Student: 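Here it is, the structure in full.
Quick caveat, the model's predicted, so the values are computed rather than measured. Chain letters run A, B, ... following the sequence lines, proteins first, then strands; residues in each count from 1.
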Amino acid sequence: MAAKERVTLVVFSGELDKALAAFNIAIGAASMGMEVSMFFTFWGLNVIKRNEGGIKSKGIMRRMLNFMNRGGSKRLHLSRFRMLGMGTWMMKQLMKDVNFPQLEELMAMAKGMGVKFIACTTSMGMMGISKEAFIPEVDSFAGVATYLADAKEGKVNLFI
Amino acid sequence: MKADATLDCIGLYCPMPIYHTANKLKELEMGQVLEILADDEGIKEDMPAWCRTTGNELLGIEEEAGKYKAYVKKSN
């Protein structure tokens, strides 16, 4: 069999709807036998932060940022109609109504299909987020060269 | 059409039907046929696309009253 076709997704956004779209594509691609890498950077890091506990960081600005930008799959909001959380809650209800998996379930499915989760170390350093802030499913911590080396061989490369 | 196994994806939206199809097909032997039941219209385009990409053979899709039956022969 020929080498697997590669798909890379840059998850830059930290919003629930965009994360859902990213994982939909990742699961679809993995189901089609493709090798998928998801690079989480900037606000996208919020998607793969663990939901429990606090996030430690040094310096007043980084502490403030991580307090206001806590992240974690359960804390994400919609990019539109957030309505102080009401909109997000309603969208989750609508997903349940049509038996569509919640983000955490999609992430588990993607992981089960061998999708690679990669966290951007530049964003981590700048924002003061340590490795301990992330879920254990994260495969590696890397930079743009890792992304580009994968994307160069990718048939589908998306920035979300 | 005769099938060796059936996968019920009624009530599930994209990408769940192809996700479950990919996983279920792993349990089947080469040449066996999987029947997929679905009611998301997207399957009419998605299952042929999935088969084209994965190298499995689509034997046909039957449509009846908003429900679809797709038949996939494991060929890869």
Student: Would you mind checking which part of B:Asp46 comes under 4.5 Å of any heavy atom in chain A, side chain (CB onward), backbone (N, CA, C, O), both or neither?
Tutor: neither
Student: Quick one: which of A:Leu106, A:Asn24, A:Asn99, A:Ile25 has the most heavy-atom pairs under 4.5 Å with chain B, could you say?
Tutor: A:Asn24
Student: Taking the cut-offs as 6.0 angstrom to the six-membered ring centre and 45 degrees off its axis, would you call A:Lys111 and A:Phe117 a cation-pi pair?
Tutor: yes
Student: A:Met34 versus chain B, heavy atoms under 4.5 Å apart: side chain, backbone, both or neither?
Tutor: side chain
Student: Locate the shortest heavy-atom distance separating A:Phe100 from B:Cys14; write the atom from each residue and the value.
Tutor: CE1-O, 3.3 Å
Student: The criterion is salt bridge (charged side-chain N to carboxylate O under 4.0 Å, His left out); which residues satisfy it with A:Glu153, sequence neighbours excluded?
Tutor: A:Arg6
Student: Decide, yes or no, whether a salt bridge links B:Lys24 with B:Glu27 under the criterion of side-chain N to carboxylate O below 4.0 Å.
Tutor: yes
